[in-house]
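Inspection log for the structure reproduced underneath, given as structure tokens.
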Amino acid sequence: MSTPNPETPAASNFVREIVKQDLQTNKYQGRVHTRFPPEPNGYLHIGHAKSINLNFGLAAEFGGKCNLRFDDTNPSKEETEYVDSIIEDVRWLGGDWEDRLFYASDYFDQLYAWAIELIKKDKAFVCDLNAQQIREYRGTLTEPGRESPYRNRTVAENLDLFERMRKGEFADGARTLRAKVDMASPNLNMRDPVMYRILHAEHHRTGNKWCIYPMYDFAHGQSDSIEGVTHSICTLEFEDHRPLYDWYLDQLGVYHPQQIEFDRLNLTYTLLSKRKLLTLVQEGRVNGWDDPRMPTITSIRRRGYTPEALTNFCKAIGVSKTNGSIELALLEHYVREDLNRRVPRVMAVLRPLRVVIENYPENQVEEMDAVNNPEDAAAGTRKVPFSRVLYIERDDFREDPPKQYFRLSPGKEVRLRYGYFIKCASVVKDEKTGEILEIRCSYDPATRGGNALDGRKVKSTIHWVSAAHAIDAEARLYENLFAVENPNAVPEGQEFTVNLNPNSLEVVTGCKLEPSLRGAAAGSRYQFERLGYFCADPDSTPEKLVFNRTLALRDTWGKIEKAQQGKA
RNA sequence: UGGGACGUCGUCUAACGGUAAGACUGCAGACUCUGGAUCUGCGUAUCGGGGUUCGAAUCCCUGCGUCCCAGCCA
């Protein structure tokens, strides 16, 4: 995994305890072998990061191995596009599968042979019931199912029919191969589950070689077995499948890994369902799978989150079997923690307000020294040009300041970061609209660099950019994609999209950046001082930089102001 | 109403028969050339009821609540 925060202790969890115990009892001859088994039918999201961290993390911690295996048993949903993105994402998160990149489809021949073996053992049969009929025969949660009328075919007949299924003699859905387990089992998965279905579809890897494809249950455990997996870790909803996982392996008499289930990740204000995320993409609610508002790994990367932050987050949330929901704030905490100590600071003005310093010489430019990262002395300093006309944040000036507002207002003095102390003398407004066009200030030459030799204090330090030297940019500011804590809670008869936050994206143009940002490479991360963490977007061009706001800084004033407005 | 699983601060996780701990959030304060960062302090929890035990979050019984399962999806 990516290097975790050294201060973050590797939290224990029940899966880790099982692995430790198995090591102690030498259950697998000292081996630890896990796997991450995504289905290539969508993009990976932050929930998968938890699983990746668990599986690869366990292998790394105990000197074991972790495979990357695509669970590609359903050709109708799976695509190479997804395979490629998944490989990229797992790698970005730090997962190292070495040379062990596998596909369930690698095992189709072996799986087919095993199916024949089960037929010969009279443990499987070809069933002519259609989907609807199978459902009816299955019974319900409270009533047992009935046996298929085709259950007692002879081994020879089954062998023949299965062979003809494989040869393509039958239409999709016409027949299935089913396991003979127990139609009266209280566990629906054991009521003669389908092993193979007929699907005349091109597979992304095996092409048209097959027209029958194994079901997940008949493929997963055996794939684990073939790969020598010791601990097959999956999510809670597969708990009911474990008896079947075990049954197939036992009937086949092959090496038997153990399946362990843990709770999938839930995050507040976030949806982690592939189906619903697909809907958002298809309906154009977001701008694709990598829209920075999405919880996909590719989006998170584009937005500026780091793999290290994700790893620390995954370590912190732990692994259990409790179904709960992690507060988004926790994720954001780990992102800020990581970005704070590694990312260079820079000055940028999102919504510019022109400031003219009346007593500053017309054509003078001074190069001010600015610290790149106060958390990292090795990051050094840079020069920032200062001149008579600057931009400051509109929000940093109030003509009529509310209580506790420390920033610039008429007659008040503030410090320009690394610049000078300035005092607001007057306000220039548009006569018609009343809009503030610019403010006129005076500076104190004795405060160069922001230091007052006389020990004078100001209540506030604000950021600025020299107008003549500024670079134009666009900033994309994000809020939660969903307006409610639990986007899955949908009012009767409505779509989950009603929970979408209409303000999740705000595009701000005309932003002014300090010149050191010129040519910033896509993916490079910065802290725009006092505003937040930003990441250069691939949409950037040499003419116009585009930045995504990864996350805002903690905003104490914003809180105070909100509270004040709440009272008023 | 069948089966499987799970209930510990607001949230997540720990405590493995022996003082209920940590992180996040929240609130208050200190410090600060980012109202950032950092530091300090405060607060709130064992689902209910019975039992076993010197002692129970932990073991037993019982009730309640939540989640998952009736795809030829994974």
Side-chain angles (χ1 to χ4, degrees), chain A residues 8-9 11-13 17 37-39 41 71-74 76-78 127 129-131 134-136 138-145 172-178 185-191 193-199 212-213 215-217 219-220 234-243 261 263 268 274-275 316-334 336-337 340-341 345 347 370-371 374-375 404-407 415-419 421 447 449-452 458-463 527-532 553-561:
Chain A
T8 306
S12 196
N13 62 63
E17 291 305 311
E39 182 190 9
N41 69 342
D71 230 327
D72 56 351
T73 55
N74 185 351
S76 59
K77 290 184 168 183
E78 297 150 5
C127 183
L129 258 23
N130 64 33
I134 286 184
R135 196 176 314 127
E136 285 162 11
R138 186 157 33 225
T140 67
L141 293 178
T142 51
E143 305 157 30
D172 285 5
R175 288 182 223 261
T176 56
L177 182 71
R178 294 224 262 159
S185 172
N187 181 344
L188 292 271
N189 294 120
M190 302 300 272
R191 319 243 263 227
V194 172
M195 292 163 61
Y196 268 90
R197 74 285 215 188
I198 300 172
L199 235 36
I212 56 171
Y213 292 93
M215 298 287 292
Y216 163 85
D217 288 302
H220 200 90
C234 62
T235 44
L236 250 24
E237 69 269 26
F238 290 100
E239 217 147 17
D240 287 339
H241 291 246
R242 181 158 24 100
E261 309 85 12
D263 59 338
T268 56
K274 273 194 202 172
R275 203 201 94 235
I317 60 177
V319 180
S320 73
K321 293 175 78 102
T322 319
N323 39 38
S325 206
I326 309 282
E327 288 176 346
L328 227 208
L330 185 63
L331 205 212
E332 296 181 337
H333 164 77
Y334 283 100
R336 286 198 185 96
E337 181 198 61
N340 174 51
R341 57 167 181 229
R345 264 107 253 229
M347 289 198 285
V371 174
E375 307 295 319
Q404 293 183 76
Y405 186 86
F406 301 151
R407 282 111 94 147
R415 170 167 40 231
L416 292 177
R417 185 125 160 109
Y418 305 125
F421 283 16
T447 58
N451 306 303
V458 286
K459 292 276 257 185
S460 184
T461 298
I462 65 176
H463 60 278
Q527 183 197 102
F528 289 0
E529 293 221 27
R530 302 205 308 132
L531 297 175
L553 252 23
R554 300 183 61 150
D555 182 11
T556 308
W557 163 245
K559 245 181 214 175
I560 294 170
E561 193 179 30

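Computed from heavy atoms alone, side chains included, the values below leave out hydrogens, waters and symmetry copies. Below, read A as the first sequence line, B as the second, and so on, with proteins coming before strands; counting in each chain starts at 1.
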How would you list, by chain and number, every residue that makes a salt bridge (charged side-chain N to carboxylate O under 4.0 Å, His left out) with D217(A), sequence neighbours excluded?
none

Give a yes/no answer on whether the side chain of [X] brings an N or O atom under 4.0 Å of OP1 or OP2 in [N].
X       : N       : result
R554(A) : rU25(B) : yes
K321(A) : rC67(B) : no
H463(A) : rU34(B) : no

Applying a 4.0 Å non-hydrogen cut-off, can you work out what [X] is touching in the nucleic acid: base, sugar-phosphate, or nothing?
X       : answer
Q404(A) : base
Y405(A) : base
R178(A) : nothing
Y418(A) : base
R407(A) : base
K559(A) : sugar-phosphate
E143(A) : nothing
I462(A) : nothing

Residue whose nearest RNA chain B nucleotide is more 5′ - T142(A) or D263(A)
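The residue whose closest nucleotide sits nearer the 5' end is T142(A).
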
Contact state string [nucleotides 69-74 of chain B, B base, S sugar-phosphate only, - no protein heavy atom under 4.0 Å]
BBSBBB

Could you run through RNA chain B and flag its stems, i.e. three or more consecutive Watson-Crick or G-U pairs with both distances under 3.5 Å?
B:2-7 with B:64-69, B:10-13 with B:21-24, B:26-30 with B:38-42, B:47-51 with B:59-63

Can you tell me whether the side chain of E375(A) and the base of rU38(B) have a donor-acceptor pair closer than 3.5 Å?
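For E375(A), whose side chain was compared with the base of rU38(B), there is no donor-acceptor pair (under 3.5 Å).
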
Under a 4.0 Å N-O cut-off, is there an ion pair linking E39(A) with K77(A)?
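Salt bridge flag = no for K77(A) with E39(A).
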
